[in-house]
Amino acid sequence: MPPSSMIERPDVQVEGIARRFGGTAVFEDVWFNVGKGEFVCLVGHSGCGKTTILNILAGLDAPDDGSIIVSGKEITGPSLDRAVIFQSHALMPWMTAAQNVGFALSCRNPHWNRRMCEDAAREALGRVGLSHAADRKPAQLSGGMKQRVGIARALAIQPRILLMDEPFSALDALTRGALQEEVSRLVTDSGQTGFMITHDVDEAILLADRILLMSNGPGARIAEVVVNTLPRPRTRASLHHMPGYHALRDHVLDFLITRSREFVATNPPAGWSARAVPESRPVA
Amino acid sequence: MQQQVPFWRAAALSLLILAVFLGGWEAAIRAATTASGPPVDPEYAALMGQAAAQGGQTAMPAPSDIAKRLFELLRDPFYVRGPNDQGIGVQIAYSLLRVGAGFLLAAAIAIPLGFLIGMSPLLNAALNPFIQVLRPVSPLAWMPLALYSIKDSSISAVFVIFICSIWPMLLNTAFGVASVRREWMNVGRTLEAGPWRTATHIILPAAAPTIVTGMRISIGIAWLVIVAAEMLVGGTGIGYWVWNQWNNLSIADIVIAILMIGLVGLALDRLLGLLARAVAWAE
Ligand SMILES: Nc1ncnc2c1ncn2[C@@H]1O[C@H](COP(=O)(O)OP(=O)(O)OP(=O)(O)O)[C@@H](O)[C@H]1O
Ligand SMILES: [Mg+2]
């Protein structure tokens, strides 16, 4: 598991970004890194600007201040190296599941013929357990199946970095658990770098190496960084029996309930600085 | 909320209504001709000219007369005996040709232009005043200008079809393109799909149902307008034919023409309906 202090250059460097809409800053002075192969979750209250940050990382939106550096280069727009799993699955309703994935594959591999895209798309759908539904249109799929097609599409193009905006929030608990484990396995197997927004504290603890806690907007910041010390592999079933789980969970929940509100950037807690947000390792 | 009715029940009622209507019509004409012959209104006689003067017979045919005439016409619909005597099939073909030419020309311009307008808010705002002013103009108002500048009556009719069918396609394409979901566009952007790929794989299929609806409205309007346009320019076409039969006082032919115009219009609409079904998608 890659530790937070990387010797290598971090995969993603977020350097002092701010985004303003109509004069008021949603967030300001946001700094953080994501190491190569690391999985980072961003947690914060609704409206604090999480989706905006993810869109900026994806290159779909641009910050008003600061910059994003990926593999040493400042980004200027979207890239096939940074795949996005959208909250609303964002499948094209006129394409079948296989065509949706195949379209992504044909963008990634312009020299591939239709047959190769089709075969690779079916294989990708097979990896998320959807072989039987490959020829169905999104309208004929359940919410969980659509989400899985979205995941298959993002994973099929083998991005170096996977950006996920609350990918499981619309699902029932059972489907969510299964998909979380699938994504966790697929991402760790391929050594991809992961960045996920979530509202679900257990999900963050299950998947993340580090959890970024965002204060409330407007003018939100990264208030704390929590290092997940629970050893891998972690499973949904075993998670809450692990020593240290409750301390970790209580720490994040306390932040969401009280500290996110009390954080004032002009009068931050001792030791806090925007460029080097202190890391905490809650232990029992 | 409408309930589904069995097809045969609706069809049976349709046939009944038709039978009652035609039967009543037939009986009314029979009654009028067996009675001493209709009184000729002087104004009517003046309007009818020689036809009314020739005989006291009513010019209004019974359905049986129309059926006989229809049989005659359809036995050889495509004959050509000189420029002023051609079969009804030939006339409809001329009209379809003009509608087809004007409509396709309009589509070839409206769909790409609508694409640009839908993509660019600037272009949309800049062209909107022109579209808003030109769209409500009756296509026939263009006719004199077309005749003057084109100097060919047949091409003028095509131009009138062009001008009347361009607006629904232009507006629908622009609207359809402008309302492509941002999330789909974002998918294309994160996949680094180029402008051409984005246009053909995302925007076009997303907007296709709206575009085809515009095409369907356009072809309906075009078919309405062609009859009037051909009445004005004359020469060939079903509109001209109707006008010619009016001058000959062949009411039976006029009724047949109305029927034919209706059937062809229905067929055109069904054709576009098939296209609409082919490009439809459900969420
Ligand atoms: N295009 C925009 N124009 C104006 N304001 C915007 C725009 N996009 C986002 N905002 C504002 O920015 C703030 C942050 O939005 P964002 O969607 O990033 O929140 P979020 O943290 O993802 O919330 P949630 O958890 O509910 O998804 C909100 O107050 C929102 O109203
Ligand atoms: Mg959001």
Side-chain angles (χ1 to χ4, degrees), chain A residues 51 54-62 75-96 99-110 114 117 121 136-141 143 146 149-150 153-165, chain B residues 107 111-112 114-115 118-122 125 169 172-216 271-283:
Chain A
T51 296
L54 186 127
N55 282 344
I56 291 172
L57 287 176
L60 296 169
D61 195 2
I75 64 164
T76 54
S79 156
L80 277 160
D81 279 340
R82 280 167 276 132
V84 183
I85 299 178
F86 295 90
Q87 175 165 17
S88 55
H89 59 76
L91 299 180
M92 321 281 181
W94 53 89
M95 297 181 187
T96 63
Q99 286 167 340
N100 266 287
V101 179
F103 175 64
L105 281 161
S106 69
C107 291
R108 159 63 83 179
N109 310 289
R114 189 179 291 256
C117 291
R136 289 203 227 155
K137 297 258 173 81
Q140 300 152 335
L141 300 174
K146 280 189 265 208
V149 177
R153 175 173 64 185
L155 294 175
I157 60 172
Q158 298 177 319
R160 287 200 312 98
I161 299 166
L162 199 57
L163 305 170
M164 296 162 265
D165 190 355
Chain B
I111 293 173
F115 234 88
M119 299 286 296
S120 151
L122 173 68
M169 287 194 274
N172 269 46
T173 305
F175 176 74
V177 167
S179 34
V180 174
R181 297 262 188 80
R182 184 197 273 280
E183 55 181 53
W184 297 331
M185 297 300 284
N186 280 346
V187 170
R189 290 176 63 199
T190 57
L191 292 173
E192 293 188 64
W196 178 249
R197 265 186 105 65
T198 307
T200 54
H201 284 72
I202 299 178
I203 301 173
L204 193 61
T210 320
I211 297 174
V212 173
T213 303
M215 295 171 77
R216 208 168 170 178
L271 212 63
L272 269 293
L274 288 179
L275 185 60
R277 193 180 309 173
V279 300
W281 45 260
E283 288 262 17

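Small disclaimer: the values here were computed from a predicted structure and weren't measured. Letters go in sequence order (proteins before strands), and every chain restarts at 1. Just so you know, these numbers use all the heavy atoms, side chains as well, and skip hydrogens, waters and symmetry mates.
The line from OG1 of B:T190 to CG of A:N55 is 10.5 Å long, rounded to the nearest 0.5 Å. Separation of atoms CG (A:D81) and CD (B:E192) is listed at 7.5 Å; rounding is to 0.5 Å. A:M92 CE to B:I202 CD1: the interatomic distance, rounded to the nearest 0.5 Å, is 4.0 Å.
Top candidate by heavy-atom pairs under 4.5 Å with chain A, chosen from B:G194, B:A208, B:A206, is B:A206. Chain B forms more heavy-atom pairs under 4.5 Å with one residue of A:R153, A:M95, A:K137 than with any other, namely A:R153. The choice from A:S106, A:P159, A:A83, A:A58 that makes the most heavy-atom pairs within less than 4.5 Å of chain B is A:S106. Between chain B and the options A:S79, A:G59, A:P110, heavy-atom pairs under 4.5 Å are most frequent for A:S79.
Residue A:I157 touches chain B through its side chain alone, counting heavy-atom pairs closer than 4.5 Å. Neither the backbone nor the side chain of B:A280 comes within contact range of chain A; no heavy atom of the residue lies under 4.5 Å from a heavy atom of that chain. Heavy atoms of A:F103 lying under 4.5 Å from chain B belong to its backbone as well as its side chain.
Closest approach of A:A90 to B:E183, counting heavy atoms only: CA-OE2, 3.6 Å.
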Kindly determine whether A:C107 and B:H201 satisfy side-chain contact (heavy atoms from CB on, under 4.5 Å), including the steps that lead there. CA-CA 11 Å; A:C107 291; B:H201 284 72; over 6 Å; no

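A donor-acceptor pair is defined here as one N or O able to donate and one able to accept, closer than 3.5 Å; such a pair exists between the side chain of B:W184 and the backbone of A:L91.
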